[in-house]
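Heads up, the thing below is written out as structure tokens.
Residue numbers count from 1 along this sequence.
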Amino acid sequence: MSDIPVITIDGPSGSGKGTISRTLAQMLGWHFLDSGALYRLVGLGGARHHIANTDEEKIANYARELAVRFETGDPDAEPRIYLEDHEVSGELRTETCGELASQVAAIPAVREALLARQRDFRQAPGLVADGRDMGTTVFPEANLKIYLTASAEVRAQRRYKQLKDKGISVNLAALVQDINKRDARDSSRSVSPLVPAIDAIVVDTSEMDIPQVMNRVQELVRQALPDVTLGSPSG
Ligand code: DC
């Protein structure tokens with residue numbers, strides 16, 4: 001088993017885990033796995049190639065051979081993501097891609113196909129892995145497992161603000177409904193459902209802002225890995 005340390009940060013979308021885990025990886029100078037992006041890529045690519053979600057074998061094969069490139073030029077910026085040599089970074093973040101991702105993520109063969117690819121991100125000096133099943137399935141032996149959560153209403157409000165800031169108009173009530181629907185699908189699927197690992201530390205962020213969550217996470221990292229150095233967020 002690899003002795004490269006791993007910190008897993010799981011939870012539903014809107015819990016703040018994307019921002020928190022990316023910042024934590026920067027502070028540690030570690031690698032970062034955005035596993036949701038892989039499911040989004042399979043959802044997007046599958047749709048572009050007209051592969052039906054009911055054709056589980058075909059979509060799993062597509063996932064296994066996914067031609068993706070992550071370009072991390074500026075450590076402060078989000079990486080550029082290329083699918084089959086076309087940049088898809090913006091499109092991946094849309095609600096449509098999130099919905100497609102949630103659908104393909106419920107297919108056991110797709111999850112299996114992405115396992116090795118996710119584990120390949122475990123490179124020295126360490127990895128922060130962001131997702132739904134990082135602590136339960138992909139890295140069950142992680143050094144620290146954090147599960148971030150928040151109420152569906154708070155998560156919908158955060159998403160609403162994010163989209164509004166990007167100039168995308170959405171309806172808040174529809175967002176709450178979508179989040180509840182996606183949570184139900186992610187939590188009830190047969191393989192790797194969205195649940196905290198038994199040894200995960202659950203942090204409810206409903207009443208916390210990002211700096212407060214970041215402080216709590218740093219505290220947990222110092223307790224679990226007393227030898228690591230936490231630098232400033234920009235590295
Ligand atoms: O974190 P995200 O919103 O980018 O994830 C998109 C979808 O992918 C989400 O509905 C659940 C799924 N997903 C998953 O099933 N397992 C993961 N490790 C990450 C994401």
Side-chain angles (χ1 to χ4, degrees), residues 9-23 25-26 31-107 109-121 123 127-134 138 155 158-170 175 178-179 181-182 185-186 192 194:
I9 304 193
D10 288 303
S13 45
S15 58
K17 73 192 162 64
T19 310
I20 297 294
S21 45
R22 200 178 291 279
T23 308
Q26 279 176 4
H31 297 276
F32 175 63
L33 165 61
D34 172 3
S35 61
L38 294 176
Y39 288 96
R40 284 172 185 263
L41 284 158
V42 175
L44 175 65
R48 281 188 178 174
H49 290 286
H50 307 289
I51 305 173
N53 278 346
T54 43
D55 194 342
E56 301 195 354
E57 202 184 315
K58 207 161 173 193
I59 191 88
N61 281 339
Y62 179 75
R64 197 167 296 111
E65 281 154 25
L66 194 68
V68 58
R69 204 168 77 239
F70 291 88
E71 275 187 10
T72 42
D74 174 358
D76 289 346
E78 294 202 359
R80 285 165 180 262
I81 306 176
Y82 295 83
L83 177 63
E84 290 148 20
D85 283 332
H86 297 287
E87 195 185 351
V88 292
S89 321
E91 196 172 352
L92 274 193
R93 304 314 325 158
T94 60
E95 292 303 295
T96 310
C97 263
E99 177 59 29
L100 289 169
S102 173
Q103 288 172 19
V104 296
I107 303 171
V110 168
R111 306 199 70 86
E112 176 67 33
L114 290 180
L115 262 184
R117 195 182 282 265
Q118 294 175 85
R119 290 180 177 146
D120 285 346
F121 278 77
Q123 306 271 346
L127 175 70
V128 177
D130 162 349
R132 304 290 191 289
D133 61 339
M134 299 295 100
V138 184
R155 290 187 284 122
R158 289 176 182 165
R159 188 75 187 128
Y160 178 76
K161 191 177 172 303
Q162 255 177 14
L163 291 170
K164 220 172 138 205
D165 289 348
K166 284 189 194 159
I168 303 169
S169 77
V170 276
L175 266 185
D178 279 1
I179 284 191
K181 199 173 94 191
R182 202 177 303 167
R185 189 191 297 129
D186 291 344
S192 292
L194 172 64

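Taken from NE2 in H49 to CG in L44, the straight-line distance is 9.0 Å, to the nearest 0.5 Å. Taking CG of L66 as the reference point, atom OH of Y39 lies at 11.5 Å (rounded to 0.5 Å). In this structure, the separation between CG on L92 and CG on L41 is 4.5 Å, given to the nearest 0.5 Å. Atom CD of E57 sits about 11.5 Å away from atom CD1 of I51, to the nearest 0.5 Å. Note that OH of Y160 and CD1 of I168 are 12.5 Å apart. Values are rounded to the nearest 0.5 Å. For the atom pair CG (L33) and CD1 (I9), the distance works out to 11.5 Å, reported to the nearest 0.5 Å.
Under the 4.5 Å side-chain criterion, counting only non-hydrogen atoms from C-beta, E71 is not in contact with E87. A heavy-atom distance below 4.5 Å is not found between the side chains of L194 and D10. Using a 4.5 Å cut-off on side-chain heavy atoms (C-beta onward), E99 and D178 make no contact. Counting only heavy atoms from C-beta outward, the side chains of F121 and F70 approach each other to under 4.5 Å. Under the 4.5 Å side-chain criterion, counting only non-hydrogen atoms from C-beta, R159 is not in contact with V170. Counting heavy atoms from C-beta outward, R119 and V138 have side chains that approach closer than 4.5 Å. Considering only heavy atoms from C-beta on, K17 stays 4.5 Å or farther from M134 through its side chain. Within the 4.5 Å cutoff, side-chain heavy atoms of S13 are placed close to those of R132.
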(request) Show your reasoning for whether side chain to side chain contact (heavy atoms under 4.5 Å, CB included) applies to R155 and L175. (result) CA-CA 9 Å; R155 290 187 284 122; L175 266 185; over 6 Å; no

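D120 pairs by the salt bridge (Lys or Arg N to Asp or Glu O under 4.0 Å) definition with nothing, not counting sequence neighbours. Residues passing the salt bridge (Lys or Arg N to Asp or Glu O under 4.0 Å) test with D34, sequence neighbours excluded: R22, R93.
Distance alone, capped at 3.5 Å, places no donor-acceptor pair between the R40 side chain and the C97 backbone.
Atom CZ of R158 is surrounded by more than 12 heavy atoms from other residues, nucleotides or ligands within 6.0 Å.
For the residue pair F32 and G18, the shortest heavy atom distance occurs at CZ-O, 4.5 Å. Nearest heavy atom pair, residue A63 against residue A113, reads CB-CB, 4.0 Å. When all heavy atoms are compared, the tightest approach of A47 to L100 is CB-CD1, 4.0 Å. Looking at every heavy atom in both residues, D130 comes nearest to S21 through OD2-OG, 3.1 Å.
No side-chain N or O of R182 forms a donor-acceptor pair with one of S102 less than 3.5 Å apart.
The existence of a salt bridge linking D133 and R111 is confirmed by a sub-4.0 Å separation between a basic side-chain nitrogen and an acidic carboxylate oxygen.
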